[in-house]
Amino acid sequence: MSVTHMSFSEHLTAQMIPEWRKQYVSYEALNSILSKGDKHAVLYNNHSHQKQVKPEHEEFFNRCDRELMKVNSFYSEKLKEGKQKLVLFGIVALDSSGQEMGGDKCVEVHSPAYGPMLRKNTELRKLKMAVGEVYLSLAFLQSYQELNYQGFYKITKKYDAKFACEHGLQWKTERLDTSFLYTERNCCGQMMFRLETFMIQLEGGKKQKAIRRLRVPPRATKQTAGQWITFRIGVTCGLLMALLTLIAFEVWNRSPLEHLKPLLQLYRGSFLLIKFLYLMALSMCCWRRSGINHVLIFELDPRHHLSHQHVLEVAGCLAVCWCASMLACLHPSFLSVSQQLHPMFFHSLLLLLLLNPTPTCHSRSRRWLLAVMWKVLTAPFRPVGFAECWLADQLNSLSPFILSLWDMLCFYTSQINWQDQWAGSFLYKENLDWERQSKVVTCLIQCFPPWLRFTQCLRQYWDSSNTLHLLNAGKYSTVFLMVTFASLYNTARVRAALATEVSVYLYLWAMATCMSVLVTVSWDLRMDWGLLQGNGLLKKELLFTREVYYYAAMLADVLLRISWAINILLAQMKDSAAAASASAVLAPLEVLRRSIWNLFRLENEHLKNCEQCRAVRDFDFPVNLPEQFLQETLMDQDELDNDHHATSTSHHKSTCLPFRFLRPRFEETNLPIENPEKEPELSP
């Protein structure tokens, strides 16, 4: 829908910051009061010959007063936060009453020095990131001020038009134009200008680089896919359909494939990974359409991050490579490469893509993933954030992928028959000693992802002293019991132990499984999704459009949790063909369950951000920047700039970037224009 045909109510909904939506003027509520008003609510007073409002119609202006008070309070609070952050940067100084000191002069704030100068580049990079986030928050606040002023202006103008009076104009003049929202309307722009100047100095006077640092990204709901990425996604989808058809035709005509089963089974784990990426792209699309800010939740850079189209493209390319590798494995003579090598080549490709040091193939996102993975593996030794907990939860559902990597290691180290390398040969050999050791390692691998989350919960309890994290750790410990008793039961059954011993282990396993399913399902619905709190079995505020989605997800979570528990047992029974087949079916279902879980888990986290009015990332940055550090940094940048521009004396000093180049523009950032009187396109 174009802006020219959009009502202001729709415009306000589209442009508001999602995390601040409760702090905006309730335009719909005011409009509904106005539409219910009596046309004769405004009558002439015979004594004063002026129009007055009936007492029963004062509800409209009383509501306007309350809304203005709410908006003023929030705007004042956020402005104060912005000024405090500029103080930390050494850009301004405040007196005891919170007013700025020194006018436009930048006042450095003193504090202990940073330490070794070797850390200066790291601290400077953090400083630039923090300045970018503060600038973005001020851009949001500027949009907030403009939208709310427009809302009050339009609703009062609509009141006067409906009742042919000037009471709305009088309220605007006496209340709105004298409010903090209007009198301090230029504060955001002034602070943004100071941050622009400061960023240019940090970048050594390079204006274009500062522009990129401070660029205000478009809203997630307004992002559109580029033509080339759409074309590439279409090409990969066509190739994938053709390759899958060829694989199905080949498997159907080649049955039985007993001699190829060990090789083809090595592709199961990578299949789960590719399926997870496809479902992740679908989840990101659903988050975007529902207004869930996953970029903020994962602490991603709002100016540089992958969209769901990028993830879909990556998943499609990997799927095409997966199909090509499997076809090459089925036809080894076509490339004159041994069948045993194709699974290893494909998984080596996955590893190379992840560890690729060159700035290609979404290098920023790969570095972010590796950094979060390192934090997951070192959970007990560092604070834990949402992204680390989320990734560890994904590993719990991708444990069959980790098991497939172990199976591949076993295959290529002890089971492969390197003498017979071509189709029709016996490609593998039995190794009973290795299989016995493999069962022990299988149990450890199944316990490894829950162990990561267990240690994360303990670290969170250590940092916050919140006993809720201990309860969450207890939830993951039930998986240890379930895996242990399942392994003991299968071991006792294999070695033909006493019937009593086998029965005891079976009952213990069944009890551990029931307890684990009950605890995990309850935690999913109540704590992770925030359900079972009102509105039937749901919660007070829902972001997805229909309630049936929540009930269907609750049912699916219960059923798939049970199947996941059964899968733990079946993984121990490697000598059973039925167990292997059931496990091959249940593993993709667990990936599906995790994707459903992701949808509602991030919805609940987004609602928490809305309650806290948190719209930008938080940085653990040293406060009270030392004057010496800032001066040396800026001097170094100036020296580099002087050397680079030695032929131009105009570039020997840092200059201020013109405000119009960095200030958010309506057509680029979807922020409203300043003057509501000059915006006739929006209908009231």
Side-chain angles (χ1 to χ4, degrees), residues 14-19 129 132-133 136 139-140 211-240 273-321 353-354 356 359-373 386-387 390-391 394 543-545 591 594-603 605-606 609 615-617 664 667-671:
Q15 299 301 323
M16 64 173 51
I17 309 301
E19 291 78 10
M129 295 175 65
E133 289 303 302
L136 184 61
F140 288 166
I211 288 177
R212 291 193 297 269
R213 288 276 189 183
L214 298 180
R215 179 177 61 87
V216 178
R219 303 291 170 78
T221 55
K222 298 296 181 182
Q223 291 179 354
T224 56
Q227 294 180 352
W228 281 111
I229 189 173
T230 304
F231 173 76
R232 294 194 298 268
I233 291 174
V235 170
T236 54
C237 288
L239 287 174
L240 184 60
L273 180 62
I274 294 172
K275 179 183 178 181
F276 173 80
L277 290 176
Y278 270 112
L279 293 175
M280 189 64 198
L282 180 61
S283 298
M284 293 172 64
C285 182
C286 293
W287 292 331
R288 181 179 63 86
R289 290 181 177 273
S290 302
I292 298 173
N293 192 354
H294 69 279
V295 176
L296 174 62
I297 294 174
F298 288 125
E299 300 285 343
L300 303 177
D301 187 348
R303 299 170 179 85
H304 303 282
H305 61 272
L306 295 184
S307 65
H308 68 277
Q309 294 97 345
H310 293 104
V311 178
L312 186 62
E313 180 187 20
V314 171
C317 292
L318 293 181
V320 169
C321 295
L353 289 176
L354 180 63
N356 176 19
T360 57
C361 301
H362 309 299
S363 59
R364 290 176 180 266
S365 299
R366 287 189 287 104
R367 288 197 298 267
W368 176 86
L369 179 61
L370 291 174
V372 175
M373 180 63 72
F386 178 85
W390 179 86
L391 184 57
Q394 311 310 303
L543 296 183
F544 296 108
T545 54
V591 174
R594 181 59 64 180
S595 299
I596 297 174
W597 181 89
N598 287 334
L599 288 174
F600 299 95
R601 177 66 183 92
L602 261 74
E603 180 209 31
E605 195 67 21
H606 178 77
N609 285 337
V616 295
R617 293 180 293 176
E667 63 271 17
E668 293 182 355
T669 63
N670 298 318
L671 299 180

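Just the heavy atoms: all of them, side chains too, but no hydrogens, waters or symmetry mates, feed the values below. All of these numbers come straight from a predicted model, not from anything done at the bench.
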Would you call the rings of F276 and W390 parallel, tilted or perpendicular, where under 30° means parallel and over 60° means perpendicular?
-> tilted

Verdict with supporting geometry, F298 and E605, side chain to side chain contact (heavy atoms under 4.5 Å, CB included) | CA-CA 10 Å; F298 288 125; E605 195 67 21; over 6 Å; no

Got [X] and [Y] here, is their nearest side-chain heavy-atom distance under 4.5 Å?
X	Y	answer
I297	W287	no
L369	L354	yes
T236	L312	no
L318	Y278	no
L306	S365	yes
R617	L136	no
V591	R594	no
R364	R367	yes

Nearest-0.5 Å distance, [atom1] of residue [X] to [atom2] of residue [Y]:
X	Y	atom1	atom2	value
L543	L599	CG	CG	12.0 Å
N293	I17	CG	CD1	9.5 Å
L353	H362	CG	NE2	10.5 Å
H310	E313	NE2	CD	7.0 Å
L277	C317	CG	SG	11.5 Å
S307	R288	OG	CZ	8.5 Å

Determine the minimum heavy-atom distance between [X] and [Y], stating which atoms define it.
X	Y	value
F544	C286	CE2-O, 4.4 Å
W368	A387	CZ2-CB, 4.0 Å
G291	P18	O-CB, 4.0 Å
S283	S595	OG-O, 3.9 Å
V216	A139	CG2-CB, 3.8 Å
N356	R366	O-NH1, 2.6 Å

Give a yes or no on whether the backbone of R213 and the side-chain of R303 come within a donor-acceptor separation of less than 3.5 Å.
-> yes

For Q309 and T230, what are the C-alpha separation, side-chain angles and deciding distance, and is it a side chain to side chain contact (heavy atoms under 4.5 Å, CB included)?
-> CA-CA 8 Å; Q309 294 97 345; T230 304; 5.8 Å; no

Between H606 and H294, does a side chain to side chain contact (heavy atoms under 4.5 Å, CB included) hold up when you go through it step by step?
-> CA-CA 8 Å; H606 178 77; H294 69 279; over 6 Å; no

More than 12 non-hydrogen atoms from neighbouring residues, nucleotides or ligands closer than 6.0 Å to CZ on F386, yes or no?
-> yes

Would you check, one step at a time, whether the test side chain to side chain contact (heavy atoms under 4.5 Å, CB included) holds for L296 with N609?
-> CA-CA 9 Å; L296 174 62; N609 285 337; 4.0 Å; yes

